[in-house]
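Heads up, the thing below is written out as structure tokens.
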Amino acid sequence: MLDPQHNSFVMYDEEFQRISAVIEKLLRESNSKVIFLVDKNGQLIASCGETEHLDTTSLASLTAGNIAATGGLAKLIGEKEFSILFHEGEKDNIHISIIAQRVILVVIFDHRSSLGLVRLRVKKASDELAKIFEDLAVKAAEMEKTGNADSPFAEITDDDIDNLFS
Amino acid sequence: MSFINYASREINCKIVYYGPGLCGKTTNLQLVYQKTAPDAKGKMISLATETERTLFFDFLPLALGEIRGFKTRFHLYTVPGQVFYDASRKLILKGVDGVVFVADSQEERLDANIESMENLKDNLEEQGYELEKLPFIIQYNKQDLPNCTPLEELRELLNPNGVPDFTACAQTGEGVFETLKAVAKLILLELKKGGTG
Ligand SMILES: Nc1nc2c(ncn2[C@@H]2O[C@H](COP(=O)(O)OP(=O)(O)O)[C@@H](O)[C@H]2O)c(=O)[nH]1
Ligand SMILES: [Mg+2]
């Protein structure tokens, strides 16, 4: 199952709802502006808060690049990874942490919050999120075993694919 | 590794453009960006040096349309070609679903192409991937220049397994979309085969 080449990362409705609930609670309790979750490969998983004026796709890709680069740095000096990154701006700050070694949690906040508060709340939310991603992995493995994992693409035709480019 | 999201009914796939320095990877993405309708593309991001050499990566998200009710998104990345950026190249290959190798067809770049192809294989292997099992396309770029290695010879050296390949002039756009379509198609066919596993 862990053959990296033949595995998709799958998100189901139920887990998506649970994840959304956790990050929305985190947004409120930490007084932050925006929260998003990104796969280590740069795919946006979920987001909440003031996202209307944000290019979340680009943010996701650059966040993953950032984590990958600092992860490379960590290895060079003999660390496993840096599990928390913090960037301080004039108005907005970014707090980045890694959950269950695979998902990146990004919290953007301003003067209405503080690093201490964000840290505290992130810690709690991380445990909850880690549990959900664990459940998700179990579910995906089960789906695969029982043959319920038929991809929505099992039935696609050459025409479907050609139409994408027309 | 593709990301299938049943909640938002989206599928995301990652395509990496690989090849030696200055072969035209960034130009490929720029052209796709220019020729794609505004509603189908996101911002193109280039992390480049002051002299416009790719430093870390270029990134271009495309939303092509729907298949079976799923929004199909492709994330295009390029790697920096210079030999000394190998660490960055490895990072960008993580989670890749399909690779385009852009070759510089000029005679004096033949060795650089071969070296880059070897480097691609090594870097994939390091992460447990096999190039032979990945959706893989080769593009022979800069065909407009006079000093190109004959196509047959390029094929023999760079494409012994006979994967789909295209000649191109990325500057004018010739071959650019053919290449992209071909790799996207291979990725979708792979998904069709693989289920989620
Ligand atoms: N003549 C010619 N020049 C090209 C072509 N494609 C790219 N170039 C030029 O080659 C140089 C390097 O291209 P770039 O895309 O930055 O290479 P990269 O290092 O692979 O990203 C630029 O000056 C491009 O304009 C082509 O098909 N023909
Ligand atoms: Mg470049």
Side-chain angles (χ1 to χ4, degrees), chain A residues 1-17 19-20 39-46 55-62 64-69 71-73 75-76 140-141 143-145 147-158 160-166, chain B residues 1-14 42-45 47 56-57 59-61 63-70 72-75 77 87-88 90-92 94-97 124 127-130 133-134 177 180-181 184-197:
Chain A
M1 164 195 169
L2 286 176
D3 174 3
Q5 200 150 333
H6 294 106
N7 242 35
S8 300
F9 174 37
V10 181
M11 174 66 66
Y12 298 101
D13 247 328
E14 186 194 340
E15 281 73 19
F16 186 76
Q17 301 304 341
I19 287 168
S20 298
D39 176 58
K40 267 196 175 173
N41 301 324
Q43 329 258 27
L44 181 69
I45 297 173
D55 179 351
T56 45
T57 309
S58 298
L59 266 172
S61 162
L62 287 173
N66 188 352
I67 282 289
L73 277 177
K75 273 212 194 93
L76 285 180
M143 289 286 211
E144 199 169 325
K145 234 184 10 218
N148 276 331
D150 281 347
S151 136
F153 296 90
E155 310 268 292
I156 55 170
T157 62
D158 280 9
D160 285 335
I161 296 175
D162 289 336
N163 284 340
L164 272 187
F165 290 94
S166 56
Chain B
M1 173 160 32
S2 52
F3 173 27
I4 302 176
N5 191 336
Y6 285 90
S8 57
R9 300 197 78 72
E10 278 180 15
I11 171 129
N12 289 311
C13 304
K14 177 169 176 178
K43 231 195 247 133
M44 176 160 170
I45 291 179
L47 301 181
F56 192 6
F57 58 76
F59 169 67
L60 174 61
L64 285 184
E66 293 200 356
I67 286 193
R68 307 272 149 164
F70 275 74
T72 311
R73 295 180 195 277
F74 288 96
H75 291 176
Y77 286 82
S88 307
K90 286 182 197 174
L91 298 177
I92 295 156
K94 281 195 179 146
V96 67
D97 293 303
L124 284 173
Q127 312 186 26
Y129 287 75
E130 269 176 81
K133 291 190 186 158
L134 264 185
F177 273 93
L180 174 60
K181 272 182 209 182
K185 191 164 180 170
L186 288 184
I187 291 172
L188 292 170
L189 289 175
E190 194 62 34
L191 280 172
K192 173 178 171 160
K193 256 198 326 219
T196 60

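Order of the sequence lines sets the chain letters (A, B, ...), proteins ahead of strands, with each chain counted from 1.
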Is chain B contacted by the side chain of [X], its backbone, both, or neither, given a heavy-atom distance below 4.5 Å?
X	value
A:L44	backbone
A:D39	neither
A:A46	neither

**Item:** Worked check of side chain to side chain contact (heavy atoms under 4.5 Å, CB included) between A:M11 and A:I19
**Value:** CA-CA 10 Å; A:M11 174 66 66; A:I19 287 168; 3.7 Å; yes

Which portion of [X] sits near chain A, non-hydrogen atoms under 4.5 angstrom:
X	value
B:I92	neither
B:L124	neither
B:E10	neither
B:F177	neither

**Message:** Could you measure the distance from the CG atom of B:L64 to the CG atom of B:L180? Nearest 0.5 Å is fine.
**Reply:**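 It comes to 7.0 Å.
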
**Prompt:** To the nearest 0.5 Å, what is the distance between OG1 (A:T57) and CD (A:Q43)?
**Reply:**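 The CD atom of A:Q43 is 10.0 Å from OG1 of A:T57, to the nearest 0.5 Å.
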
**Message:** For a quick test of reading the model, state the closest non-hydrogen atom pair linking B:T72 to B:I67 and the distance between them.
**Reply:** OG1-N, 3.8 Å

**Prompt:** Of the listed residues (A:S61, A:G42, A:A69), which shares the most heavy-atom pairs with chain B below a 4.5 Å separation?
**Reply:** A:S61

**Prompt:** In terms of heavy-atom pairs under 4.5 Å with chain B, which of A:G72, A:G71, A:S58 leads?
**Reply:**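 Among the listed options, the one with the most contacts to chain B is A:S58.
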
**Asked** So, B:K185 and A:D162, do they make that salt bridge, N to O below 4.0 Å?
**Response** yes

**Message:** Taking the ring of B:Y6 and the ring of B:F70, is the distance between their centroids below 6.0 Å?
**Reply:**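 Yes - the distance between ring centres of B:F70 and B:Y6 falls below the 6.0 Å cut-off.
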
**Asked** Is there a donor-acceptor pair closer than 3.5 Å between any side-chain N or O of B:N5 and the backbone N or O of B:A7?
**Response**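 Yes; at least one donor-acceptor contact below 3.5 Å.
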
